[in-house]
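In what follows, chains carry the letters A, B, and so on, assigned in the order in which the sequence lines appear, proteins first and then strands, with residues in each chain numbered from 1.
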Amino acid sequence: MSTAAPAEHDHHEEHATGLTRWLTTTNHKDIGTLYLWFSFIMFFVGGFMALIIRAELFQPGLQIVDPQFFNSMTTMHALIMIFGAVMPAFVGLANWMIPMMLGAPDMALPRMNNWSFWILPFAFAMLLGTLFMDGGAPAAGWTMYAPLVLQTGDAFPFMIFSIHLMGISSVMGAINIVATILNMRAPGMTLLRMPLFVWTWLITAYLLIAVMPVLAGAVTMLLTDKFFGTSFFNAAGGGDPVMFQHIFWFFGHPEVYILILPAFGIMSQIIPTFARKPLFGYASMVYASASIAFLSFIVWAHHMFTVGMPLAGQLFFMFATMLIAVPTGVKVFNWVATMWRGAMTFETPMLFAISFVILFTIGGFSGLMLAITPADFQYHDSYFVVAHFHYVLVPGAIFAIIAGVYYWLPKWTGRMYSEPLGKLHFWTSMIFMNITFFPMHFVGLAGMPRRIPDYAVQFADFNMIASIGAFGFGFSQLIFLYIVLRAIRTGEPATAQVWEGAHGLEWTLPSPAPYHTFDTPPDPQLIVKEGHS
Amino acid sequence: MSGPDKKTETHRLVAKLLVVVLAMFGFGYALVPLYEIICEVTGLNGKTGQVSLAGVTGPDTSRVITVRFTATVNSAAPWDFQPNDRVMEVHPGGLYETSYQAKNRTGHLLVGQAAPSVVPREASLYFNKTECFCFTRQEFGPDEVRDMPVQFVIDRNIPAHIETLVLSYTFFDITEKG
């Protein structure tokens, strides 16, 4: 597959240099790189905050930070990891890979693409700046429930505006991705020939377009409640604080699928490559993703069973939530069936992918437990919830991103990463991740509440174990940084196809992928031959 | 690939998607009245019916319902606030009157506002007030004490298993908001 189908690129490396290149670039590969590095930095910033949390929880009692700052750390850790690490990483991967996978020369709206990235550093500078303000950084939780969040100090408007900026950035990114997928496909690249990563991103982009504006509305209501005398969530003025929860989770639940659908797409690229078999059940994967997206709009109230709702409401949200297990189960089944009797090898991306399938499924099961309304009354706001969403986000979203980086890094840089170091990174991450989050199930079921800097002494042992795991996991990510830097500088040159079992247009391009690719569309025959694998 | 056709097509698609974005921003706000309506229809949050005379159909003396009254002051605001009747025995369909008393404990002007709620929430659908001091500004001069009347009627259609209900008022200090 090493023959590059597109014509010669005579204007190959023609671009501005130095800082101007990065500030003014409209090239999808440059912007993808910017997104990925930005999210990598935010991953370490958010991770550092997580370690402050775990250091405080290492022992019962208050040792290191005061409770207000502890609450700021849980709040900021979540906001940064969700909006600063996971979402930009997916957008970065989309920028790099979607045009190459579709045989398109670039994204549909290259200038908007530049803008949607460069908003982000400002948004996060503003958010991180709140750490130094009077009253401290936001501490009411990333869910920003009224009326508690209205007690935030000077940080309040900065938090709201940074969320507005993040929302504008993701909506612009999403519009760009939809326009690229619908309008920029090479002739012959029909919708049902698209790789699954492209499919899941198309669905994710629609989710973003639908729910980010709702979040923008909700935080704007908070802003006007605080400064302009409205009473959306103020009972004194006839408003209702519970309504904030409804509006927030109407955004919030689709948001959790925004954080996982692109991960499903990455899995569906990697597993067939290393199983050396086409993806099992391609069409069912597409339909399952679309069903998950649809169901995500009608289950939001399962986040708030304990605020009180009629029995009919509880039953509806319980069963609708459980229904999501069906399309998700289809996906897990298809990944396993793809591996079944495949000629599997276990390079680093595949190791992360296999652990994704197993560990994400554990997170899915604890999600099912939480969906059971009567049981949820015990689990609500406990460490069991923390364990649940970290199992779907860490070995789910983040392992998928890491797997994607290992998988595509040779295509981006033209160099291989060190396989032994990659395996070291996998095993340390996977083991420490479980040491961190598995004990949280136990302390949660035993009644340890989340977002509290102190705890009863009977939770001490498991918390100490979790903290040790967290530091191990955190430091393991420095190995990842080292591996990436080392690959960029001194890695072995990569071939065009990189992986023996890789199929798809992106693998027909040389490694590293030239600055401009598919200026002339690929041969339709090639699209059929490379098919979706 | 990137001919003018492709460009107009892209711009048309972007325009459509931007409409969706704006519509969804509006939808976020539309959830506010929608939420009110759902709460009213289902009786969620114990929201009571409109202030109206509907339901005053003459007392159904075959049934007696116990109505209890409670009062809460939000956030330890400087008021004394209590019902003048703790309990009333009423017949569905009859019109009844009671009152709450509030006292400004400070030496300056205060503005308060009350929000009502009924439990069980199922009963709130049948609890109609014909006069109420709720959701309106109540100005109290220094040390002023005042009775605030409530007239209510319980709809005759109230399900038979409801024998007791509680009307609760929470009094908020809105002096700063004015």
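Across B/Val32, B/Asp173, B/Val20, the residue that shares the most heavy-atom pairs under 4.5 angstrom with chain A is B/Val32. When each of A/Ala174, A/Ala218, A/Pro213 is checked for heavy-atom pairs under 4.5 Å with chain B, A/Pro213 comes out on top. The most heavy-atom pairs under 4.5 Å with chain B, out of A/Val307, A/Ile247, A/Val211, come from A/Ile247.
For A/Tyr206, the part lying under 4.5 angstrom from a heavy atom of chain B is the side chain only. Proximity to chain A is limited to the side chain of B/Leu13, based on heavy atoms less than 4.5 angstrom apart. Residue A/Leu182 touches chain B through its side chain alone, counting heavy-atom pairs closer than 4.5 Å. Interface remark: A/Leu215 contributes no atoms to any contact with chain B (heavy atom separation under 4.5 Å).
Under a cut-off of 6.0 angstrom, the local environment of CZ in A/Phe227 is crowded, with over 12 non-hydrogen atoms contributed by other residues, nucleotides or ligands. Heavy-atom neighbours of B/Arg63 CZ from other residues, nucleotides or ligands within 6.0 Å: above the threshold of 12. For B/Arg105, the CZ atom sits in a packed shell: over 12 heavy atoms of surrounding residues, nucleotides or ligands are nearer than 6.0 Å.
Within the model, atoms CG of B/Leu34 and CE of A/Met243 stand 10.5 Å from one another, a figure rounded to the nearest 0.5 Å. Atom-to-atom distance recorded for A/His246:NE2 and B/Ile38:CD1 is 8.5 Å, nearest 0.5 angstrom. Atoms CZ and CE, from A/Phe250 and B/Met24 in turn, are 4.5 Å apart once rounded to the nearest 0.5 Å. Here the straight-line distance linking atom CD1 of A/Ile175 with atom NZ of B/Lys16 works out to 13.0 Å at 0.5 Å rounding. Interatomic distance, B/Leu18 CG to A/Ile209 CD1, rounded to the nearest 0.5 Å: 8.5 Å.
When the options A/Thr220, A/Val171, A/Val214 are evaluated for a side-chain contact (heavy atoms from CB on, under 4.5 Å) with B/Phe25, the one that passes is A/Thr220.
Between A/Ala179 and B/Thr10 the shortest heavy-atom distance is CB-CG2, 4.1 Å.
The closest donor-acceptor contact from the side chain of B/Lys6 to the backbone of A/Asn183 lies under 3.5 Å.
The aromatic rings of A/Phe232 and B/Tyr29 sit perpendicular to each other, their planes meeting at more than 60°, with 30° as the lower class boundary.
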